[in-house]
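One structure is given here, and the rest of the page talks about it.
Residue numbers count from 1 along this sequence.
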Amino acid sequence: LCLSLFQVMNLNCSLWQDNTMTVKCFAFTKFSGVTEQCLLLFSLILLMFLVSLTGNALIALTIWTNPVLHTPMYFFLANLSLLEIGYTCSVIPKMLQNLISHARGISREGCATQMFFFSLFGISECWLLAAMAFDRYMAICSPLHYATRMSRGVCAHLAVISWGVGCMVSLGQTYYIFSLDFCGPCEIDHFFCDLPPILALACGDTSHNEAAVFVVAILCISSPFLLIIASYGRILAAVLVMPSSEGLHKALSTCSSHLLVVTLFYGSGSVTYLRPKANHSPGVDKLLALFYTVVTSMLNPIIYSLRNKEVKAALQRTLGKKKVL
């Protein structure tokens, strides 16, 4: 268990190359050389993965099967749960395999596929969180026009735009990175095919590629985050002049869950992708990646279900129906 491929790779990296001398396969670094630590990590990550999958699937199923939750806020929440499921499934299964298997390799095509789907779900979530903030802004600051301005068509368009931007950006970014040559070493100092560790393996000067990745991170992290800040700035201004304490409490309670999710997601993502290259550390990057791929996805359904009476009641009805059946 958890044995290293260092010896094989150091002896002859051409095992991972064809006659074009371009790396065709990669290998992930191991988490630990101690079998017991690998098994402990495997158990913890598997538990969090199953909690995340179950929680997000239940949230999505509950919203789709309960007509009372067919509102813009819960429509976006269901989309968020689907993104979280895809987000974790693009990374965690391979990570779990690497923890208990000798086979820690991944083909170039497999690595590109993993990067595409990871980026797709991550970038889409950035923009979907901005759409959710806009929805809260419309509900609190323009309640009389909310039903018309946030119709089903508008919500569907916002969701499609979020998924579409994620798809286009991740497709272009993945093609841009994997059009480079990789001459060795063959080992990815990470547990999945993330952008910085893959770029570190490319041949020659990659400063232009790194600059392009940074610009994409600015556009796809900072831009929606600024939209969220602007929405909540307007919400705060509206809340402060509310005459009713009950209305104030309701407005804050509906926004608090979303704000907490935004803080967790954007906080870890910004530290990972917007830090200067000189400040990057493989160990810190792995811990941050573990946090935003596993922990936040596990916490999101807990945050929304525990802090939302409508979701809790709908979950109880859904689970009650299943027990009866």
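Atom OG of S81 sits about 6.0 Å away from atom CD1 of I63, to the nearest 0.5 Å. Taken to the nearest 0.5 Å, the CD atom of E84 stands 5.5 Å off from the OG1 atom of T296.
The SG atoms of C220 and C126 sit 2.5 Å or more apart.
The local environment of OH in Y292 is crowded, with over 12 non-hydrogen atoms from other residues, nucleotides or ligands closer than 6.0 Å. Open room surrounds OH on Y175; 12 or fewer heavy atoms of other groups in view lie less than 6.0 Å from it. Atom NE2 of H70 has more than 12 heavy atoms from other residues, nucleotides or ligands within 6.0 Å.
Minimum heavy-atom separation, R108 to L180: NH2-O, 2.8 Å. Residues T293 and Y87 share a closest heavy-atom pair of CA-CE2, 4.0 Å. In plain terms, the two heavy atoms of S124 and L83 that are nearest each other are CB-CD2, 3.7 Å. Minimum interatomic distance between F75 and C155 (heavy atoms only, all atoms of both residues): CE2-O, 3.4 Å. Smallest separation of non-hydrogen atoms from L128 and L80: CD2-N, 3.4 Å. Summarising the geometry of V216 relative to Q173, their closest heavy-atom pair is CG1-OE1, 3.3 Å, with the distance given to 0.1 Å.
Using a distance-only test at 3.5 Å, with no hydrogens or angles considered, a donor-acceptor pair links the side chain of N56 to the main chain of S52. No donor-acceptor pair closer than 3.5 Å links the side chain of S222 to the backbone N or O of L219. A donor-acceptor pair is defined here as one N or O able to donate and one able to accept, closer than 3.5 Å; no such pair exists between the side chain of H258 and the backbone of M132. Within the 3.5 Å criterion, the main-chain N or O of V51 finds no donor-acceptor partner in the side chain of T54. The backbone N or O of C167 sits less than 3.5 Å from a side-chain atom of S170, completing a donor-acceptor pair. The backbone N or O of C193 sits less than 3.5 Å from a side-chain atom of Q114, completing a donor-acceptor pair.
With contacts defined as side-chain heavy-atom distances shorter than 4.5 Å, the pair L227/F134 does not qualify. The closest side-chain heavy-atom distance from F116 to S90 is not below 4.5 Å. Residues E210 and L195 have side chains not in contact (no heavy-atom distance under 4.5 Å, counting atoms from C-beta outward). Side chains of S142 and Y137 form no contact here, defined as non-hydrogen atoms less than 4.5 Å apart. Annotation: side chain of V154 is not in contact with side chain of R149 (no heavy-atom distance under 4.5 Å). Residues P196 and V213 are not in side-chain contact: their nearest non-hydrogen atoms beyond the backbone lie 4.5 Å or more apart. Put simply, the side chain of Y232 does not reach to within 4.5 Å of the side chain of V262, judged on heavy atoms. Side-chain contact between L69 and T62 is present, with at least one heavy-atom pair separated by less than 4.5 Å.
Placement of M168 and I221 in two distinct hydrophobic clusters is found when ILVMFWY residues are connected by side-chain heavy-atom separations under 4.5 Å, directly or transitively. The hydrophobic clustering, which links ILVMFWY residues whose side-chain heavy atoms are closer than 4.5 Å, places L264 and I229 together.
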Are S297 and F49 close enough, and set up right, to give a side chain to side chain contact (heavy atoms under 4.5 Å, CB included), and what steps lead you there?
-> CA-CA 8 Å; S297 297; F49 178 57; over 6 Å; no
Mind running side chain to side chain contact (heavy atoms under 4.5 Å, CB included) on F214 and I218 for me, showing each step along the way?
-> CA-CA 6 Å; F214 185 77; I218 289 288; 3.9 Å; yes
Under the side chain to side chain contact (heavy atoms under 4.5 Å, CB included) rule, what do I198 and I188 come out as? Steps first, then yes or no, please.
-> CA-CA 7 Å; I198 294 298; I188 302 171; 3.5 Å; yes
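If you run side chain to side chain contact (heavy atoms under 4.5 Å, CB included) between Y146 and each of P72, C141, S151, only P72 comes through.
Ring to ring, F118 and F192 are close: their centroids are under 6.0 angstrom apart. Aromatic rings from F26 and F182 are positioned such that their centres are separated by under 6.0 Å.
The aromatic rings of F117 and F121 sit parallel to each other, their planes meeting at less than 30°, with 60° as the upper class boundary.
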